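Read the structure below first, then the notes.
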Amino acid sequence: MNSGPAGSTSSVVDPFVTADSTVDAGPDHTPWPAEDAARYRALGHWRGQTFGTWLSGLVAAYSERTAVVGVSAATGQQVRWSYAELDERSHRLAAGFVDRGIEAGERVLVQLPNVAEYVPVVFGLWRAGALPVFALPAHRHSELVHFASHAEAAAIVTVGSHERHDYAAEARSVADEVPSLRHVFVVGSDEFADLAAAEPRQLPDPDPEGLAFLQLSGGSTGMSKLIPRTHDDYLYSVRESARICRLRPDSVYLVVLPVAHNYPMSSPGILGALHAGAAVVLSPRPDADTAFALIEAEGVTMCGVVPPLAAAWVQAAGRTARDLSTLEVLLVGGAKCGRELAERIEPALGCRLQQVFGMAEGLVFYTRLDDPDELVLSTQGRPISLDDEIRVVNPDDPDAGSDDVVPPGQAGALLTRGPYTIRGYYRAAEHNAKAFTADGFYRTGDLVRLHPSGHVEVVGRVKEQINRGGEKVAPEEVENHLMAHPDVLDAALVGVADEFLGERTCAYVVPADGAEPAEAELRRFVRERGVAAFKVPDRVVLTAEFPTTGVGKTSKRELRAVLAAQAKNG
Ligand code: OOB
């Protein structure tokens, strides 16, 4: 493991700075080259701080202020925890996890809905030196098995039944299949209450430049990749996000998207709000009724949403009796916010629009709150850091290097390298060779146009991914599930334009000889294979054979392009 064993706080013996660290990165993850790491430290971006010590600093400054408001998984009641209470809870949880045998450096799959306990649980794991692996509540058996086995997770933290799904039973069935899983911790159970009541004690602080957690990629070729982030790199993006979004101690940040996603976590999200001494309010659901009630009750000042949700809120704002006047900023991102929607947000909700374009791999763009309206409405912002290196390269050459840049103003594929963007996925050497250039730039797969101001406009994608209103679907993963059906000979999943979601999915299916599988049957089949509901094809179309592109045998990539064009033309 490169994740820094407990106690190795000295930067002298840090694996990131050894002379051969780029040569012998080990199989787990690719560290930044020593000279870049040294520069990020010298610039003050990496400060040698872990999430645990960072929280301790916040407690010293904001002790009695409200940190977290949300519904408790244990009681079903709303709770309100100060910074001091959050700190104590996470110290107890850390001790509890260690007492149950969780060791520093071990991975722990966290699958929690938007419940108050999420925040202390994650800090508890960090303080125990464990690495949370952030699954979404939508993920199901096949995805959880993949994450847990790929990360060789030691435990799962989840809830019991929630929104008609038995998470605890699901987690146990995953544990039956993945040999590394020794524990299923169910927040809200008596057993978990015991764990959470452990006597707090000082535990060794992990290495700030070691891995802190694993996020999930949206996935393009097959299953989601795991994204290794360090304390130092992530905290840099958190501090800057809080500054850019102008969070203050009296700000109130509302989380409506799934808590564990990178966007509500850090853009500026839960962590950005905590950094500023602000309050985090967790909404159990994203719908306007629930969210507007919380905005009114808690005096919410800021919230981050995806475009379809922004559109729904704009609609609902016209007929709500709720007082939304405290809302200052609505961040919109995760998928492209079209100009029309962008223009409606400020008048309907009475707040400033802030566009955000980010990725769990690192790089985040924000429009600035004092940017001219035109830039706020028509671009997705500019990078967090002056040290984010941005290259827009030839989009027709998938292997274009970081020097293959297109003329200014022309659309191209976005590459990036910087102080909080990973240099490789977790345990994915083969994939890394394609996803990163030889000089360490991450191929985002996004097609952008760079404005002279440094703002980018996202104009499309070169990666094989469907963005279903912010939820990412990898066609290959879904195609593989479809092809497991005995009546399916071949399948291709494409994105088709959708007014509400931006894109929805359509599966073209060539049936096996003589078979005529019903659409509902195929959708049920995919769902029962244990995948997140957002990956179940919105539509299934049977076709006798796939079109060819004129060059003989078609690649899946070309095929999807042809089918997508057909779908577009009617
Ligand atoms: C966020 O993170 P991921 O990892 O779920 O997805 C990243 C991808 C980007 O590469 C891009 O394709 C798309 O999502 N995306 C956008 C966008 N924001 C994200 N495409 C167009 N316009 C935007 N504003 O989605 C994420 C992470 C942190 C902050 C915000 C979003």
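Everything numeric in this text was worked out from a predicted model, so none of it was measured. Counting convention: from 1, in listed order, for ligands and their atoms alike.
In A335, the part holding a heavy atom less than 4.0 Å from any atom of ligand 1 is the backbone. If you look at Q380 next to ligand 1, the close heavy atoms, those under 4.0 Å, all belong to the side chain.
In summary, the atoms of ligand 1 found under 4.0 Å from a heavy atom of V356, numbered by their order in the structure, are 18 (N), 23 (C), 24 (N), 29 (C), 30 (C). Residue contact check: S267 has heavy atoms under 4.0 Å from atoms 28 (C), 29 (C) of ligand 1.
There is no side-chain donor-acceptor pair under 3.5 Å between H451 and S453.
For ligand 1, none of its N or O atoms has an N or O atom of Q355 under 3.5 Å away. Remark: ligand 1 and V332 share no N or O pair separated by less than 3.5 Å (distance only, no angle test). Inclusion of C337 in the set of residues having an N or O under 3.5 Å from an N or O of ligand 1 is not warranted. Of the polar atoms of A360, at least one N or O is found under 3.5 Å from an N or O of ligand 1, judged by distance alone. Note: no N/O pair closer than 3.5 Å links Q465 and ligand 1 by distance alone.
Protein heavy atom in closest approach to atom 10 (O) of ligand 1: D446 OD2, 2.5 Å. When hydrogens are left out, the protein atom nearest atom 3 (P) of ligand 1 is K472 NZ, 3.6 Å; that is the closest non-hydrogen contact.
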